[in-house]
Amino acid sequence: MSDLSPQARLVRDALVAQGLETPLAPNGLSRDEKRERIEAHMRAIMETLELDLRDDSLAETPHRIAKMYVGEIFAGLDYASFPKVTVIENKMQVDEMIMVRDITLTSTCEHHFVTIDGFAHVAYIPRGKVIGLSKINRIVQFFARRPQVQERLTQQVLLALQTLLGTQDVAISITATHYCVKARGVQDTTSATTTTSLGGVFKTQPDTRAEFLGGLRAAR
């Protein structure tokens, strides 16, 4: 992993140290080798389901799924895809809460490999550093692009931002629909799940926590 950026390595090491990294068992396969293996297995699954892969609508499906898994919806498993993060000195001495609301996220339930679809709301109080606003969105999306449980996703984003910003004063809340609940099993089409993770003053100071939670009520 010598090709990783310093930020990616720093975040990965922090997650490992806190036991928050996604369970991984590295196999040494290249991206092309992963695509080839997934394509072969997907072909076997479809044939087991008695789908006719000679049909022109289905023939390329195993290839499409393999390409999608490696390059898109599970791209967050590869820290080489970690976003380029711009963190700059807090020259303006900003000391009030900065909040980015309604960050769209699409993830995948690691229990059933179906969609998790929702919004994240992230806040922090700058100390020595501030971060480019779009980078918060990109960090959320990076960790969403993995097989996930929502609780871990929430904590991964929190710890990543705390690590990059050099402060504990970060808060995140995610509200999402889980298609393992909506489309199978209980088939509840209206429920949503909210998870919240608070750090630093967001956890210890009631007024700051209330300001963050009040901002959520104004969100989508």
Side-chain angles (χ1 to χ4, degrees), residues 1-46 61-85 87 103-118 120 122 131 135-166 168 170 172-174 176-181 184 193 195-197 199:
M1 293 192 178
S2 59
D3 57 338
L4 297 186
S5 68
Q7 295 96 334
R9 192 180 301 277
L10 192 66
V11 168
R12 183 201 60 188
D13 292 348
L15 291 175
V16 170
Q18 292 296 318
L20 290 175
E21 182 57 281
T22 299
L24 296 171
N27 54 29
L29 296 175
S30 69
R31 289 169 64 90
D32 287 343
E33 289 169 333
K34 289 176 182 177
R35 283 192 292 263
E36 290 171 4
R37 184 173 292 191
I38 293 168
E39 181 175 346
H41 288 308
M42 195 65 224
R43 184 174 298 277
I45 290 170
M46 294 178 68
T61 297
H63 174 74
R64 293 188 194 104
I65 290 175
K67 182 179 178 182
M68 175 183 68
Y69 273 11
V70 175
E72 296 177 294
I73 66 173
F74 296 142
L77 291 170
D78 184 357
Y79 276 98
S81 301
F82 193 78
K84 182 179 180 181
V85 176
V87 177
I103 300 170
T104 57
L105 68 86
T106 302
S107 191
T108 303
C109 165
E110 69 181 39
H111 299 144
H112 297 94
F113 267 39
V114 291
T115 299
I116 300 170
D117 188 26
V122 177
I131 190 170
K135 307 308 180 184
I136 295 175
N137 303 58
R138 292 184 186 278
I139 290 169
V140 170
Q141 292 166 1
F142 173 80
F143 286 108
R145 290 175 183 150
R146 299 177 169 197
Q148 278 289 14
V149 293
Q150 187 173 326
E151 296 89 340
R152 184 198 300 128
L153 170 60
T154 307
Q155 293 182 61
Q156 285 177 335
V157 175
L158 179 85
L159 183 55
L161 287 168
Q162 288 175 328
T163 301
L164 294 168
L165 288 166
Q168 294 296 302
V170 180
I172 175 170
S173 182
I174 294 175
T177 297
H178 291 244
Y179 280 69
C180 58
V181 174
R184 58 158 301 282
T193 299
T195 49
T196 301
S197 191

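The chain is numbered in sequence order, starting from 1.
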Task: Interatomic spacing from CZ in Arg35 to OG in Ser30 - rounded to 0.5 Å - done: 7.5 Å

Task: Neighbour count >12 (heavy atoms, 6.0 Å) for atom NZ, Lys135 - done: yes

TODO: Could you give me the CA-CA distance, side-chain angles and deciding distance for Met42 and Thr61, then say whether side-chain contact (heavy atoms from CB on, under 4.5 Å) is met?
DONE: CA-CA 8 Å; Met42 195 65 224; Thr61 297; 5.6 Å; no

TODO: Answer whether the closest heavy-atom distance between the side chains of Val11 and Ile139 falls below 4.5 Å.
DONE: no

Open item on the list: I'd like to check Ser197 versus Val170 (side-chain heavy atoms, cut-off strictly below 4.5 Å). Are they in contact?
Closed with: no

Task: Contacts of type side chain to side chain contact (heavy atoms under 4.5 Å, CB included), residue Thr108, not counting sequence neighbours - done: Ile73, Phe74, Phe113

Open item on the list: I need the minimum non-hydrogen distance between Leu158 and Gly199, along with the two atoms involved.
Closed with: CD1-N, 4.2 Å

Task: Nearest-0.5 Å distance, CG of residue Leu15 to CG of residue Leu20 - done: 6.0 Å

Open item on the list: Ignoring hydrogens and geometry beyond distance, is a side-chain donor-acceptor pair present between Gln18 and Gln155 at under 3.5 Å?
Closed with: no

TODO: Return the minimal non-hydrogen interatomic distance between Thr154 and Thr196, and the atom names on each side.
DONE: CG2-C, 4.1 Å

Open item on the list: Would you say Thr193 and Gln150 are linked by a side-chain donor-acceptor pair, where the criterion is simply a distance under 3.5 Å?
Closed with: no

Open item on the list: When you compare the side chain of Leu164 with that of Gln7, does any pair of heavy atoms fall below 4.5 Å?
Closed with: yes

Open item on the list: To check you understand the geometry: which heavy-atom pair defines the closest contact between Lys34 and Leu29, and what is its length?
Closed with: CE-O, 3.5 Å

Task: Residues forming a side chain to side chain contact (heavy atoms under 4.5 Å, CB included) with Glu39, sequence neighbours excluded - done: Arg43, Pro62, His63, Ala66

Task: With Thr163 via side chain to side chain contact (heavy atoms under 4.5 Å, CB included) - residues at least two apart - done: Leu10, Ala14, Leu159

Open item on the list: side-chain contact (heavy atoms from CB on, under 4.5 Å) for His111 and Val149? Distances and angles first, verdict last.
Closed with: CA-CA 8 Å; His111 299 144; Val149 293; 3.7 Å; yes

Task: Over all atoms of both residues, closest heavy-atom pair of Gly28 and Glu33 - done: O-OE1, 4.2 Å

Task: Residue pair Ala144 / Leu105: nearest heavy atoms and the distance that separates them - done: CB-CB, 4.2 Å

TODO: Quick one: which residue pairs count as a ring pair (Phe, Tyr, Trp, His ring centres under 6.0 Å) with a foot in residues 143-166, not counting sequence neighbours?
DONE: none

Task: Spacing of Thr195 atom OG1 and Ile172 atom CD1 [to the nearest 0.5 Å] - done: 7.5 Å

Open item on the list: Using the ring pair (Phe, Tyr, Trp, His ring centres under 6.0 Å) criterion, which residues pair with Phe142? Sequence neighbours excluded.
Closed with: Tyr79, Phe82

Task: Minimum side-chain heavy-atom gap Arg12-Arg9 below 4.5 Å - done: yes

Open item on the list: For Leu153 versus Gln148, what's the shortest heavy-atom pair and its separation?
Closed with: N-OE1, 3.7 Å

- [ ] Any salt bridge (charged side-chain N to carboxylate O under 4.0 Å, His left out) involving residues 144-157? Give me the pairs, sequence neighbours left out, ordered by first then second residue.
- [x] Glu21-Arg146, Glu110-Arg152

TODO: Using atom types as modelled and distance alone, determine if a side-chain donor or acceptor of Arg184 lies under 3.5 Å from a backbone N or O of Cys180.
DONE: yes

